[in-house]
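When reading the values below, keep in mind they use all heavy atoms of this one structure, side chains included, and skip hydrogens, waters and symmetry mates. Naming convention: chains lettered A, B, ... in sequence-line order (proteins, then strands); numbering from 1 in each chain.
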2 protein chains.
Amino acid sequence: MLKRIDELRDSLSPAERRVAEWVLAHPREALASTLAELARKIGTSEPTIVRFCRRTGASGYSDMKLRLAEALSRPASYLHRDVAPGDSVGDAVMKVMDRSVHAILTMRDLAPNLPFEDAVAAMRGARQWVFCGLGASGDVARDACQKFFRLGVPSSAQTDTPSILQTAAVSGREDVLLMISHSGRWQDVARAQRQARENGAYVIAFTQPGSPMAGEASLCFECEVGEDASIYTPMSSRLAQLALMDALQVALALALGESANRNLQRSKQALGAA
Amino acid sequence: MLKRIDELRDSLSPAERRVAEWVLAHPREALASTLAELARKIGTSEPTIVRFCRRTGASGYSDMKLRLAEALSRPASYLHRDVAPGDSVGDAVMKVMDRSVHAILTMRDLAPNLPFEDAVAAMRGARQWVFCGLGASGDVARDACQKFFRLGVPSSAQTDTPSILQTAAVSGREDVLLMISHSGRWQDVARAQRQARENGAYVIAFTQPGSPMAGEASLCFECEVGEDASIYTPMSSRLAQLALMDALQVALALALGESANRNLQRSKQALGAA
DNA sequence: GAGCATTTTGTAGTAATACTACATCATTCT
DNA sequence: AGAATGATGTAGTATTACTACAAAATGCTC
């Protein structure tokens, strides 16, 4: 339906095209509006809108709304339009949601090519895991730490530059450092990675391919999630990173087998008792 | 939606139940009918049908038809298989990814019914925003704080019981507290909410409907994301919560308009310069 | 470039639809 | 049995979508 409107756009008269464009930009708000309201919002007359509806194949305005409702709920509509000033709250919310879904789907498609096996192999024998990240990635690091420590291996999160540098300085042969960054362009972190590797630690980077941090890692998860173009769409890529860490933790839990299982169960019970 | 009607069935009066059953049996035909036609087909009166629609959560007959149209077009959605011992690393990773996608899709479907407008209205005039959460929800709170403070309103995150209680104690008329919890069963937090409301603060809860925390809030985002059945699938629901906060932040940014925009842009530049 | 023809757009009115207030009927409880 | 509560339908009203028609706007011919 949305696709259909998009196709029609060229063959429409100016006023009807304005309708088409407005509806594509604010589908949710269109759904919530009556014919008269829509006419006012778009700045045209009611019959023009009705004529537009007919052209899309609907029998009238109400029918078009029904079809639109169907189209919006179909997950196929994730061609994510950016949030724009003037969007209704409902439209903006759905656009962000679609973007989030899209980010995770992209990561899902990427996953088969990522070196999970290697990471698991490196982590399973480690003495400790250290998760490092700055800014928003710091939250990802903390979140990951929170999850991984339940597997029974000492884990910590470092979320500022001095701490990361110090951690790298004292790291040793049996440590695994997991460096999380969206851009991969923090020179200080890249330096910390080199230092850690010189100390014999294993460094896994979760960042953009070709970046300095990717270069200074023992192993890299190349996450090229489309960057957030608009200032309104904050960090949907971070969701993808979190999902990635989830997947890694589960893979690791499976590899560790019985002992990790026991620890997981215990920490769950500890929460349940509270 | 269809599920909801099915659940309601027992609590309906005889005439309304006949409506429910007919709609469940012939949903497509219901969509194509007007209110009067439906009344005739079912053998009841128009107001009975309208009352039934209201009970499903819709605002009237037209709104119910829209929701029905959405429900009918939704494919049965991602059946997520659980991770099991013996899975290969690749299998496990893909299963976790599918689960993550599922969690966000569920939240996406929930979103249109959540009170974003009310939340935005309450938050836009506030003196400060405080995000509270324990455990994994604490990370969500911190993450949210990190995002929201960029809009230019003082924000903080409280992630342990004593801090939350103290914050509630000193909160006042112009403060908005956002309480995040998966279960909603932390009595201490619920107590903090009551206290804060007595002080005149506005309390928004993001938690399960019917829980103590939901009851003690000024406004509740009812997030009933299926609980993580297996110990292997950690917190995919948390992804949904994060996506929800993203959406709220964007909606808020739009409502705040120019000033928020400027602040967002500035904080982006601050990062870019580093 | 004026005048006709065609398409596009808006105005005003009409028919329908959804919704509401109220009366009637059924059911339950004292 | 009779009052009280709740369920259901009737009749009326206000919206809403739609239509016929007229006014602009655009394109074409001479």
Side-chain angles (χ1 to χ4, degrees), chain A residues 1 5 7-24 26-72 88 90, chain B residues 1 4-5 7-72 112-113:
Chain A
M1 181 67 183
I5 296 177
E7 288 164 4
L8 274 172
R9 211 153 36 162
D10 296 333
S11 62
L12 293 174
S13 67
E16 288 179 18
R17 186 175 312 159
R18 287 219 317 282
V19 177
E21 263 149 27
W22 199 93
V23 170
L24 283 177
H26 320 272
R28 286 273 151 194
E29 195 171 349
L31 265 190
S33 308
T34 67
L35 183 50
E37 283 168 358
L38 238 191
R40 197 176 40 71
K41 283 174 190 165
I42 302 181
T44 184
S45 65
E46 303 185 13
T48 303
I49 297 178
V50 173
R51 280 187 286 262
F52 162 77
C53 295
R54 299 259 156 83
R55 247 183 258 281
T56 67
S59 75
Y61 181 62
S62 325
D63 189 38
M64 193 271 267
K65 285 215 305 198
L66 285 178
R67 287 167 193 244
L68 200 60
E70 285 188 36
L72 285 179
S88 77
Chain B
M1 181 65 184
R4 180 175 201 128
I5 295 178
E7 287 164 6
L8 274 173
R9 211 155 33 165
D10 296 333
S11 62
L12 293 174
S13 67
E16 287 179 15
R17 186 175 312 160
R18 287 218 319 281
V19 178
E21 264 149 27
W22 198 94
V23 170
L24 284 178
H26 320 275
R28 287 275 157 199
E29 195 172 348
L31 263 190
S33 308
T34 68
L35 183 50
E37 282 167 1
L38 238 192
R40 198 175 43 71
K41 282 174 190 163
I42 301 181
T44 184
S45 67
E46 303 185 13
T48 303
I49 297 179
V50 172
R51 278 188 288 262
F52 163 76
C53 296
R54 299 259 155 82
R55 249 183 255 281
T56 66
S59 73
Y61 180 63
S62 325
D63 189 36
M64 193 271 271
K65 286 215 305 196
L66 285 179
R67 286 166 194 245
L68 200 61
E70 284 189 36
L72 285 178
N113 300 320

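In this structure, the nucleotide among D/dT8, C/dC19, C/dT9 sitting nearest to the side chain of B/Tyr61 is C/dC19. Each of D/dT10, C/dA18, D/dT8 was ranked by its minimum atom distance to the side chain of B/Pro47; first place goes to D/dT10. Candidate nucleotides D/dG9, C/dA18, D/dA7 were compared by shortest atom distance to the side chain of B/Ser13, and D/dA7 ranks first. Distance from the side chain of A/Thr44 is smallest for C/dG10 among the nucleotides C/dA18, C/dG10, D/dC18.
Taking 4.5 Å as the limit, some side-chain heavy atom of B/Glu29 sits within range of a side-chain heavy atom of B/Trp22.
If you take CD1 of B/Ile49 and C1' of C/dT17, they are 13 Å apart, rounded to a whole angstrom. Here D/dA17 presents its P atom at 15 Å from CZ of A/Phe52, a figure rounded to the nearest Å. Counting to the nearest Å, the C1' atom of D/dA7 and the CZ atom of B/Arg17 are 13 Å from each other. Between B/Met64 atom CE and C/dA18 atom P the separation is 11 Å, expressed in whole Å. The separation between A/Leu38 atom CG and C/dG10 atom C1' is 16 Å, rounded to whole Å. Atoms CZ (B/Arg54) and P (D/dA7) sit 16 Å apart, rounded to a whole Å. Taking atom CG of B/Leu35 as the reference point, atom P of D/dT10 lies 14 Å away to the nearest angstrom. Rounded to whole Å, atom P of C/dA18 lies 12 Å from atom NZ of A/Lys65.
Between atom CZ of residue A/Arg67 and atom CG of residue B/Leu31 there is a gap of 11.5 Å, rounded to the nearest 0.5 Å. The CE atom of B/Met64 sits 5.0 Å away from the CZ atom of B/Phe52 when rounded to the nearest 0.5 Å. Taking CG from B/Leu12 and CD1 from B/Ile5, the interatomic distance works out to 9.5 Å, rounded to the nearest 0.5 Å.
In terms of phosphate contacts, A/Arg40 brings no side-chain nitrogen or oxygen within less than 4.0 Å of OP1 or OP2 of C/dG10. Of the side-chain N and O atoms in B/Ser62, none sit less than 4.0 angstrom from OP1 or OP2 of D/dT16. Distances shown here put a side-chain N or O of B/Thr48 below 4.0 Å from the OP1 or OP2 atom of D/dG9. Between B/Arg51 and the phosphate of D/dG6, there is no side-chain N or O to OP1/OP2 separation shorter than 4.0 Å.
Within the 4.0 angstrom heavy-atom criterion, no nucleotide atom of any strand lies near A/Arg18.
Not one N or O on the side chain of B/Lys65 forms a donor-acceptor pair closer than 3.5 Å with the backbone of B/Thr34.
Comparing B/Glu37 and A/Pro14 by the nucleotide of DNA chain C whose heavy atom lies nearest to each, the residue mapping closer to the 5' end is A/Pro14.
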